[in-house]
Amino acid sequence: MIGDTQQQEVGDGALAVQAHRDVTVNVGLTYENVRTLALDTFRAEFVKMLDMAGAIAEARATRLLNEYIARVERENHTSLGNASDPDFRYSLYMAQKIAARSGDADLQSLLVELLVQRSHQPIRSFVQLVLSESIEAIQKISAAQINALTLVFAIKHMKFLTVSSFATLLDTLDQYVEPLLRDIAGSNASISHLEYAGCGTVNTTEKFEMNKAMLCFYPGAFQSGVSEADVCVKVLSPAARTLLVQCEHDARHVQVLGGSLENVRALCDQFNLAINDRKMLEAIFNSRSQVKLLECCASRRPYFDHLWKVWDDTQLSNFSLTSVGFAIAHANLSKFGPIRPLTDWIH
């Protein structure tokens with residue numbers, strides 16, 4: 001362009017710009033264009049994500065409901081009548097909401113167990129109220145903390161009635177306790193959080209000793225036995241001698257069948273033994289002074305070293321369960337095998 005003549009020649013696809021003063025040319029999208037497009041894209045994707053999250057949540061809630069219905073139909077069909085109870089509907093809704101948020105299969109099974117137990121209880125009973133509270137409390141604690149509660153329950157309160165010898169005690173602990181140690185909370189912060197969640201309290205002045213509990217619950221598993229030449233054995237009648245077996249901790253000795261004194265007395269009744277036989281068998285049964293519990297267990301099961309360390313070096317040995325803690329621990333322990341009903345501890 002020459003002088004005031006506003007005439008241009010441009011090629012194909014070119015942009016012609018003319019003006020009397022400076023010209024600013026923006027090529028591409030403006031900031032506002034970019035902002036608008038980004039927000040539109042985000043909104044579209046966010047709605048899509050919400051739709052996906054909703055579908056996932058609904059699927060998880062449905063799985064929990066189906067598992068619960070299957071359990072109730074299998075165990076106690078009449079419990080389905082609880083569906084008309086608003087309080088039960090609320091507990092079911094809470095369980096579904098927790099399952100929908102988590103997606104954890106183990107947590108779902110635990111929620112179902114609590115719901116099933118709740119459906120077996122009379123309306124507004126204490127145990128029902130505890131189970132309802134437990135369903136709400138469980139969303140506040142981790143799987144490792146649930147295992148910590150369960151270990152306290154198993155060690156301090158759970159006497160396994162199937163234990164009749166040292167071998168059966170080890171088998172029982174393999175089944176119910178060893179799995180808990182694979183993921184267990186023990187830090188002071190974790191224990192304090194369990195207190196906050198209403199699952200228990202810590203009493204630092206009272207330490208519960210595991211070895212004393214085992215000796216109390218399972219005395220038959222730790223018999224040191226007596227020699228065949230012992231006077232207690234010599235005076236036994238032939239019928240009473242049938243209750244003696246080789247000692248599990250000393251092959252040179254014999255011990256009495258039975259995991260507890262109650263078992264021994266029941267066997268004496270079954271064989272209609274005389275009073276003297278009963279006294280001698282009880283004396284043999286109570287011979288435990290030479291058995292070192294920790295060494296006996298650790299030599300057969302390496303995880304016992306870890307168990308003792310977790311128990312002695314954390315506040316778990318000082319921890320007392322609340323009713324909610326009992327309910328959660330009981331439900332979690334029951335997934336490893338049959339145990340006595342929760343009403344044996346809270347009622």
Contact check, side chains of [X] and [Y], non-hydrogen atoms, under 4.5 Å:
{"X": "L307", "Y": "R301", "answer": "no"}
{"X": "I284", "Y": "D230", "answer": "no"}
{"X": "S227", "Y": "V233", "answer": "no"}
{"X": "S334", "Y": "E113", "answer": "yes"}
{"X": "Q223", "Y": "V256", "answer": "yes"}
{"X": "F222", "Y": "M214", "answer": "yes"}
{"X": "H253", "Y": "V226", "answer": "no"}
{"X": "T162", "Y": "D171", "answer": "no"}

Given the rule that I, L, V, M, F, W and Y join up when any side-chain heavy atoms are under 4.5 Å apart, are [X] and [Y] in one cluster?
{"X": "V245", "Y": "F285", "result": "yes"}
{"X": "L244", "Y": "V235", "result": "yes"}
{"X": "Y90", "Y": "L114", "result": "yes"}
{"X": "I346", "Y": "L129", "result": "no"}
{"X": "L243", "Y": "V231", "result": "yes"}

Between [X] (side chain) and [Y] (backbone), is there a donor-acceptor pair under 3.5 Å?
{"X": "Q139", "Y": "E136", "value": "yes"}
{"X": "T242", "Y": "P238", "value": "no"}
{"X": "K207", "Y": "D312", "value": "yes"}
{"X": "Q255", "Y": "G225", "value": "no"}
{"X": "S125", "Y": "Q121", "value": "no"}
{"X": "N332", "Y": "T150", "value": "no"}
{"X": "S190", "Y": "G186", "value": "no"}
{"X": "Q128", "Y": "R124", "value": "yes"}
{"X": "R60", "Y": "A55", "value": "no"}
{"X": "Y218", "Y": "F160", "value": "yes"}

Check: Mind checking whether H330 and F153 have parallel, tilted or perpendicular rings, split at 30° and 60°?
Finding: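 Taking F153 first and then H330, their aromatic rings stand perpendicular (interplane angle over 60°).
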
Heavy-atom pair of closest approach, residues [X] and [Y]:
{"X": "L236", "Y": "M280", "value": "CD2-CB, 3.6 Å"}
{"X": "L170", "Y": "F304", "value": "CD2-CE1, 4.1 Å"}
{"X": "G198", "Y": "T322", "value": "O-OG1, 2.6 Å"}
{"X": "S134", "Y": "A327", "value": "OG-CB, 3.2 Å"}
{"X": "V130", "Y": "S323", "value": "CG1-O, 3.4 Å"}

For [X] and [Y], I'd like to know if the aromatic rings sit close, meaning centre-to-centre distance below 6.0 Å.
{"X": "Y68", "Y": "F88", "value": "yes"}
{"X": "H157", "Y": "W345", "value": "no"}
{"X": "F166", "Y": "H249", "value": "yes"}
{"X": "Y196", "Y": "H193", "value": "yes"}

Could you verify whether a donor N or O on one side chain and an acceptor N or O on the other, from [X] and [Y], lie under 3.5 Å apart?
{"X": "S132", "Y": "R118", "result": "yes"}
{"X": "N263", "Y": "S260", "result": "yes"}
{"X": "S237", "Y": "D277", "result": "yes"}

[atom1]/[X]: more than 12 non-hydrogen atoms of other groups inside 6.0 Å:
{"X": "R101", "atom1": "CZ", "answer": "no"}
{"X": "K335", "atom1": "NZ", "answer": "yes"}
{"X": "E58", "atom1": "CD", "answer": "no"}

Next item on the list: Quick one: do L342 and L131 satisfy side-chain contact (heavy atoms from CB on, under 4.5 Å)? Show the steps, please.
Entry: CA-CA 10 Å; L342 177 62; L131 289 164; 3.8 Å; yes

Rounded to the nearest 0.5 Å, what's the gap from [atom1] on [X] to [atom2] on [Y]? Could you check?
{"X": "C199", "Y": "F319", "atom1": "SG", "atom2": "CZ", "answer": "6.5 Å"}
{"X": "S102", "Y": "K97", "atom1": "OG", "atom2": "NZ", "answer": "13.5 Å"}
{"X": "M94", "Y": "I135", "atom1": "CE", "atom2": "CD1", "answer": "8.5 Å"}
{"X": "L65", "Y": "L92", "atom1": "CG", "atom2": "CG", "answer": "6.0 Å"}
{"X": "I191", "Y": "L316", "atom1": "CD1", "atom2": "CG", "answer": "4.0 Å"}
{"X": "I98", "Y": "K140", "atom1": "CD1", "atom2": "NZ", "answer": "10.0 Å"}

Notebook entry, point to check: Where do E228 and K234 land on the salt bridge (charged side-chain N to carboxylate O under 4.0 Å, His left out) test, with the steps shown first?
Noted result: CA-CA 7 Å; E228 291 272 10; K234 287 185 175 181; over 6 Å; no

Next item on the list: Before giving the answer on side-chain contact (heavy atoms from CB on, under 4.5 Å), spell out for N318 and E206 the whole-Å C-alpha distance, their side-chain angles and the decisive distance to 0.1 Å.
Entry: CA-CA 6 Å; N318 304 101; E206 294 184 11; 5.5 Å; no

Checklist line | Under-4.0 Å salt bridge between D269 and R278 | finding: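 Result for this pair is yes, salt bridge flagged.
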
Next item on the list: Give the C-alpha distance, both sets of side-chain angles, the deciding distance and a yes or no for side-chain contact (heavy atoms from CB on, under 4.5 Å) between L115 and L64.
Entry: CA-CA 10 Å; L115 282 170; L64 179 138; 4.0 Å; yes

Notebook entry, point to check: Is K156 positioned over the aromatic face of F208, cation under 6.0 angstrom from the ring centre and no more than 45 degrees off axis?
Noted result: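 Checked: cation-pi criterion met.
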
Next item on the list: Let me see the working for L273 and L281 under side-chain contact (heavy atoms from CB on, under 4.5 Å), right down to the final yes or no.
Entry: CA-CA 10 Å; L273 297 181; L281 288 172; 3.7 Å; yes

